[in-house]
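These figures come from a predicted structure and were not determined experimentally. We use all heavy atoms of the structure for the numbers below, so side chains are in, but hydrogens, waters and symmetry mates are not.
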Amino acid sequence: MTSTLSEQQLLVDDPTWWRQASVYQIYPRSFADANGDGIGDLRGIISRVPYLQQLGIDAVWLSPFYPSALADGGYDVADYRDVDPKIGTLDEFDQMVAALHGAGIRVIVDIVPNHSSDLHVWFQQALAAAPGSPERARYIFRDGLGEDGSQPPADWTSMFGGPSWTRVPDGQWYLHLFAKEQPDFNWDNPEVREDFHQTLRFWSDRGVDGFRIDVAHGLTKDLAETLPTQAELDAITEPGTHPLWDRDEVHEIYAGWRKVFDEYSPPRIAVAEAWVDTSRRPRYASADGLGQAFNFDLLEADFDAAQFTKIIADNLALSAASGSSTTWVFSNHDVVRHATRYALPARNGRPGKQGRDWLLSGGTEPVADVDLGLRRARAATLLMLGLPGSAYLYQGEELGLPEVADIPADQHQDPAFFRNPGVDPGRDGCRVPLPWTRGGASFGFGAGTAHLPQPAGYGDLSVEAQDGVAGSTLELYRAALALRHELQTDETLAWVDASDDVVHFERPGGWQVVTNFGTEPTALPDGEVLVTSEPLDGGLLPGATTAWVRTA
């Protein structure tokens, strides 16, 4: 398939394309492997552009493809302006952008600004330089405590477990809020700020349309001469007062980025990964900042009508406050796939990531109701695609892929699994390579085996197994995305009275979305049924099912 002239022109002319876009996240190492080495690559992505075009998405978001030692799945970046040789070359990146643009699909890439890899040339220069040098000033180095400086500057715990400070041979310590291979940048340093401006221009000049900002609520830090203890950090509850996270000063950085984005026509866009209090989210999404911020609230919700209703209403109000559009997401590269989450008992407000204990059991306890989980996931996604705002989809959810829970310990890759044995199951289960065909060494992912083991039943969920099959999850996504393009107008909705188990709203243009979260069938409004996540039951909407109905 090739795009029309009008589709190609739209890529140039529409500065608001992102506001209600459907964005498909690609984890490059697990999408498609063109050279048969077991690792997904850019040529693999190029080969699947027709599939992405037929799916009906508006943009792809690529997780990191930069040179990396994979201390954190690619989020330890050794060079922000190159491609990992195992994934491809800059020439192949340009070919990929051209192919996607030719299909009417825009390109968003991940930027990781809080920290680099310890293999980054700047950090290697810092290690070779003396304390107090300009090279060390690009990162956060401190003298240790105690007479000989042998104690870390603070007892902080990193996000991946273990200490947040690591000592170098000359006795100083450097800060890493994540893995020790991910030293934090010093964003008070103008050189750091200017270098990231160069990175944003480098990719924008190559045709990239936007950026997803990793840990956007990090970067700036208030590091007093005497640092607080971990207990003191844990006791901070007032939004905007933490010395390490979500500081107001970070928005000075993003105001500078906005100036870079606005150098281009149409302006480049950005979406913030900002795990912050909801009252703080609009500033990340403001027009003079990044422009959009992730809303993870549905991702953390149970399959529950009251929770969904409140989350939708609250986030539409937040988007109105920022002038941006909201974002919706159920799955990504960091969380248990929602087809599996919905197969497990409701969290009901319990802390921790849903599905963690199930993963730690190897997927045996509690027993997952696989059929119910997929049914709920299909219903939730069809509801989400009917909402105003951007819809972010994660590779493989259009196939109904479940989380893989039984990866052998010696085949795991995520550092979180190894740093916290028996506590953190890691994120490999949602990063298992996609199945494209019913058979083959890696179900069509590549000519050889895949870098993470795929379940034996993957062939039955493959693209080949679902392509053209009425009622399949793949065909549901294709139908819904096509209708979304046809029906989307203003970024508003009107609530329709419904029971406690039903979410029901109307969109401009006379179409309604109805989701039955209960178990008993419910009536639909009069009109033309456009798409349903499951077959109707004698004209009624069954439990765990969504329908779109044209009423005008």
Original post:
Does the separation of the ring centres of Y139 and Y174 fall below 6.0 angstrom?
Top reply: no
Subject >> Y80 ring center within less than 6.0 Å of F196 ring center >> reply: yes
**OP:** Show the numbers, then the answer: is there a side-chain hydrogen bond (donor to acceptor under 3.5 Å, both in side chains) between Q454 and S442?
**Re:** CA-CA 7 Å; Q454 300 160 298; S442 58; 4.7 Å; no
**OP:** Kindly state whether the ring of Y24 and the ring of W61 have centres lying under 6.0 angstrom apart.
**Re:** no
Subject >> With W203, the ring-ring contact (aromatic ring centres under 6.0 Å, His included) member among F211, F65, Y264 >> reply: F65
**OP:** Would you check if the side chain of E398 reaches a backbone N or O of G396 as a donor-acceptor pair within less than 3.5 Å?
**Re:** yes
Subject >> Donor-acceptor contact below 3.5 Å, side chain R247 vs main chain T220 >> reply: no
Subject >> Pair E263 + R201: basic N to acidic O under 4.0 Å >> reply: yes
**OP:** Identify the heavy atoms of Y254 and L290 that sit nearest to each other, and give their distance.
**Re:** CD2-CD2, 3.6 Å
Original post:
Have D110 and Y75 got a donor and an acceptor in their side chains that come within less than 3.5 Å?
Top reply: yes
Original post:
Any cation-pi pair here, R138 with W122, using under 6.0 Å and within 45°?
Top reply: yes
Original post:
Honestly, is R268 close enough over F261, meaning NZ or CZ under 6.0 Å from the six-membered ring centre and within 45° of the axis?
Top reply: no
Original post:
Which class fits the ring pair W245 and F178: parallel under 30°, tilted 30 to 60°, perpendicular over 60°?
Top reply: perpendicular
Subject >> Pair F294 and Y392, ring centroids less than 6.0 Å apart >> reply: yes
Original post:
Considering all heavy atoms of both residues, which atom of A69 and which atom of L119 are nearest to each other, and what is their separation?
Top reply: CB-CD1, 3.8 Å
**OP:** Let me know which of D79, D84, D76 forms a side chain to side chain donor-acceptor pair (under 3.5 Å) with S68.
**Re:** D76
Original post:
Okay, side chain of R81, backbone of Y66: is any donor-acceptor separation there less than 3.5 Å?
Top reply: no
Original post:
side-chain hydrogen bond (donor to acceptor under 3.5 Å, both in side chains) between Q25 and N332: does it pass, once the steps are laid out?
Top reply: CA-CA 7 Å; Q25 181 189 357; N332 62 34; 5.4 Å; no
